[in-house]
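Every chain is numbered from 1 and lettered A, B, ... according to where its sequence line falls, protein lines coming before strand lines.
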Amino acid sequence: MFETVIGLEVHVQLNTETKIFCSCPTSFAAEQNSNTCPTCLALPGALPVLNLEAVKKAMNFGYAVKAEVNKRSIFNRKSYFYPDSPMAYQISQFDIPIVGKGALTIDFDDGSSKEIGITRAHLEADAGKNIHDGNISKVDLNRSGTPLLEIVSNPDMRSADEAVRYLKKLHSIVRYLDISDANMQEGSFRCDVNISIRPKGQEEFGTRVEIKNINSFKFVSAAIAYEVQRQTEAYEDGVYKQEVYQETRLWDVAKNITKSMRSKEDSADYRYFPDPDLRPVLTTDDMMREAQHIPELPDEKVARYIDELGIKRYDALVITAYKELSCYFEETISHGVAPKIAVTWITSELLGRLNKAGLSIENSPVDSATLGDLLVRVSDDTISGKGAKEALDYMFENKDRDIDVIIEKLDLVQMSDDGTILAIIDEILASNKDKVEEYRAGKEKLFGFFVGQTMKASRGSANPSKVNMLLKQRLS
Amino acid sequence: MITLKEALSKTPQEISEIRDQIMATAKANDLNAYIGFETADDGIPILMKDNIQVKDWSVTSGSKILQGYIAPYNATVVEKMQEKGFVPFGRANMDEFAMGSTTESSYYGITKNPHDTSRVPGGSSGGSAAAVAAGLAIAALGSDTGGSVRQPAAYCGVVGFKPTYGRVSRYGLAAYASSLDQIGTITQTVEDAAILYDAIKGHDPKDSTSAEFEIEDIANNLDIDRTLTIAVIDNYISEADDDIQKAYAFAVEKLKEAGHTIIHKEMTNTKYDIATYYIVATAEAATNLARFDGIRYGRQAENVKNLQELYFKSRSEGFGEEVKRRILLGNFVLSSGYYDAYYLKAQKVRHLIQDEFNVIFDEADMILSPVAPSVAPKIGTSSDPLEMYKSDMYTIAINLAGLPALSLPIMKNDDGMPIGLQLIGKAFNDKVVFDAAASLERAVKYKSN
């Protein structure tokens, strides 16, 4: 039997206003090469000046994962030629990064959890983009110089499931810290996977293969599964040494396989050395104070939701996995909705509808205030749960958001007046005397029939719990 | 040629006439000191070394690879000097990317020494020094990475000043070796050097290595009569030619007469300076020059089949021999397996060199030293790179330690070639260097003609 060993390198684009070494804006949706200057175009004579906001965001991350934050760190030049790298060296941190050893915790569905070590996190400048157009290649340097935080984990993960849980946790932490948009599709959260296998019980690691630039959690999982199988088969077939060697592979989305990109032998010698244009980064007390402001992070939220709001652990994990979702939840309960009710409605009714519509919580057509209003009407018995679902459906299709107007328009007001309901019940019982006899003689399942008839007669508007209660009274 | 000091008292009309006159003379002259006659706004014209960025000028670092490149921005020194009424005027020839001691490696051909046209003007700021010496410029800017301002000034009989590292912004100076480069002045007099330095010095937020504290103006506060303790490095002088030693002895006498105290010191063999310099400088240069890849600007090789060939051909065709040699050397000393033995060790030795200066400066205000072991050599005689590197022996330690130093003409040898010596000060004591230099200038009464 084999054990899989996984370590992850995640490149997180920091959401600073300006680039890491010049004052160009970081929004690269602009016209190609418009957000550039002598520094990020690497013109002769231009010099880098470190953006301290990027340093603070990196420190903020460091403190959030309880890492050592180095008071003095160094930027190096990492040399390689590529058209999207205008200086032909990347300014990156090498032997002394801003963030040292830390850790984060991943949670499993069975209630257990595991700590994953973080080796380091360092700052660097992102490259531009090459655009291939027939036999012409173009370079867009808008992205060149965008600050990146590269977060390197220990080889602590043992399965694709653990790797994805780690990534999701990391993703959620940087979103809660608001240091990155962390959008995988847009490349602001990019992942490289280091993976090897070893026979169970063996101390020594197997040969590590790197899979580069995978842009979704699903692909991470698939790439790991593929690679584990490839390496295991090579081992079992006795060709492990020939087929598994230190190399960089790419995930081929179309074929669902990893394929070789370059092997260690032709890997570059980056010739790192300290960048003489930049002094060592010295973190000041002010920067540390600022960077130590950590908002409530998922782990703490989960604990609070369970202890103070009485929510189940599983639900708390679901709600806190996305910053926007927990924000939505907290806003909803601030409108006077009981936490448990809010959880149920958000996780099943709202998310279900959003999924179906291909929307996410950030662009939900029903905002938390409106959902709050709606659920308050359920709690005070103005409308039934069924009515609220109808109202939700209505709002996914229509623009008006005045809950009371909608309730009236859809005729959702619930009949809760005992006298009115009793009048209906009496009528039903009178016209079904034979069934009442049968019921009283012991055929108890006829109770459902009476409920159904009553509801039908009220055209669904009767409060079901009241109907139940009053029917029981009359039939006893 | 009028001095910069004199130019300051001229009317705009008179300055305009002088500019026209300089333009005409420079264009007619065949020293090849100028490689371009661009002008900016009206003002007192200052000749620019071809590696200092002036907006809308072709600025090429004397290289083929930057042919066609037009700078879209001004160096900080250009912005600063314009505020004082000094304007960029013409481009001075230089060794390609400031790598050389003779100005023979320029894409634009060699520059001749005005004192003897069969000799080099020195380098790499050879065009700047030759022009000022020949009366083709009032003053010029150069850059000094290992002596590139001081040595050509000495060879051409003019004043060359290299400020303390961090005193003058490097923003807009095409980098050779970032931790050593410093823009400097080439002028007719010490006072002119102070005037021009005052105009360009000061903190620049665009240069992270720029020193943050401000300093007083020097030109108006020169203290020519102050007496100082000046160290002479006995074991250095013995390595220089006889005529240099003679000039050195003469200067020491004159300094004593002027009331300065001379003390005698020894320093470690200069061979360590040379080894250290050529590791640090080339390592930095290899990366600084990597951006010249033919992709975004400058000269791009034609008829290439793929990306790799584009790189190979653009760089092989665009760079000269000396530049290639230094890029290769720099990449070698940084490569894995050699980094510790070369680059890291050089960094350690660099600290030792700095410490050694500090020990001398515990007792002395200033060090007097030769600039070069000989007068300007004949054109074509510096073909052995190692021999050429050795000729930097007196100047490079100053860059490694980041110190201010001023090269001042002392006398001429029997062939009529100027001999310059340098005064080296403590870091950030640039003012004291000017005080001592003004005193020595007055004492030696050097006549350029």
Selection from Pro83(A), Cys22(A), Ser79(A), Pro274(A) maximising heavy-atom pairs under 4.5 Å formed with chain B = Pro83(A)
Ring geometry between Tyr311(B) and Phe81(A) (parallel below 30°, tilted from 30 to 60°, perpendicular above 60°) = tilted
ask   = Heavy atoms, side chains only, cut-off 4.5 Å: are Pro72(B) and Leu43(A) in contact?
value = yes
key: Neighbour count >12 (heavy atoms, 6.0 Å) for atom OH, Tyr338(B)   = no
message = Show the nearest heavy-atom pair for residues Tyr165(B) and Pro276(A), with the distance to one decimal.
response = OH-O, 4.4 Å
ask   = Is the closest side-chain heavy-atom distance between Tyr297(B) and Leu41(A) below 4.5 Å?
value = no
message = For Tyr272(A) and Leu334(B): C-alpha separation, side-chain torsions, deciding distance, then whether side-chain contact (heavy atoms from CB on, under 4.5 Å) applies.
response = CA-CA 7 Å; Tyr272(A) 284 100; Leu334(B) 290 176; over 6 Å; no
query = Does atom NZ of Lys313(B) have more than 12 heavy-atom neighbours from other groups under 6.0 Å away?
reply = yes
task = Considering only heavy atoms and a distance below 4.5 Å, find which of Pro38(A), Pro86(A), Cys37(A), Ser137(A) pairs most often with chain B.
result = Pro86(A)
remark   = So, the part of Tyr339(B) with a heavy atom under 4.5 Å from chain A: the answer is side chain
query = Taking every heavy-atom pair that is under 4.5 Å apart, which of Leu66(B), Asn51(B), Asp293(B), Asn288(B) has the most such pairs with chain A?
reply = Asn288(B)
query = Given the options Ala75(B), Ala71(B), Ala286(B), Ser178(B), which has more heavy-atom pairs under 4.5 Å with chain A than any of the others?
reply = Ser178(B)
ask   = Where does Leu180(B) contact chain A at under 4.5 Å (heavy atoms): side chain, backbone, both or neither?
value = neither
Side-chain donor/acceptor of Arg170(B) to backbone N/O of Gly45(A), under 3.5 Å = no
query = What part of Asp181(B) lies closer than 4.5 angstrom to a heavy atom of chain A: side chain, backbone, both or neither?
reply = neither
ask   = Do other residues, nucleotides or ligands put more than 12 heavy atoms under 6.0 Å from Lys55(B) NZ?
value = no
request  = Would you mind reporting whether Phe292(B) and Pro44(A) have side-chain heavy atoms less than 4.5 Å apart?
outcome  = yes
request  = Dump the intermediate steps for side chain to side chain donor-acceptor pair (under 3.5 Å) on Arg77(A) and Thr287(B), then the final yes or no.
outcome  = CA-CA 8 Å; Arg77(A) 291 182 176 180; Thr287(B) 48; 2.7 Å; yes
Atom of Ile295(B), atom of Val139(A) and distance for their closest heavy-atom approach = CG2-CG2, 4.3 Å
task = Take atom CD of Glu17(A) as the centre, draw a 6.0 Å sphere, and report whether it contains more than 12 heavy atoms from other residues, nucleotides or ligands.
result = no
query = What option among Tyr89(A), Tyr82(A), Phe273(A) has the most heavy-atom pairs under 4.5 Å with chain B?
reply = Phe273(A)
ask   = So, Arg291(B) side chain and Ala88(A) main chain: donor-acceptor pair closer than 3.5 Å or not?
value = no
Region of Gln53(B) that comes under 4.5 Å of a non-hydrogen atom in chain A = side chain
query = Looking at CG of Asp277(A) and OG of Ser179(B), how far apart are the two atoms once the value is rounded to the nearest 0.5 Å?
reply = 9.5 Å
key: Derivation of the side chain to side chain donor-acceptor pair (under 3.5 Å) call for Asn33(A) and Arg296(B)   = CA-CA 11 Å; Asn33(A) 292 310; Arg296(B) 299 173 311 291; over 6 Å; no
key: More than 12 heavy atoms from other groups under 6.0 Å of NZ on Lys101(A)   = no
task = Could you tell me which portion of Leu307(B) (side chain, backbone, both or neither) has an atom closer than 4.5 angstrom to a non-hydrogen atom of chain A?
result = side chain
query = So what's closer than 4.5 Å to chain A heavy atoms on Ser143(B): side chain, backbone, both or neither?
reply = neither
message = We want to know whether Ser335(B) and Arg271(A) form a side-chain donor-acceptor pair, criterion being a heavy-atom distance below 3.5 angstrom.
response = no
task = Of all the heavy-atom pairs spanning Pro205(B) and Val49(A), show the shortest one and how long it is.
result = O-CG2, 3.3 Å
task = Select one option (side chain, backbone, both, neither) describing which atoms of Asn331(B) are under 4.5 Å from chain A's heavy atoms.
result = both
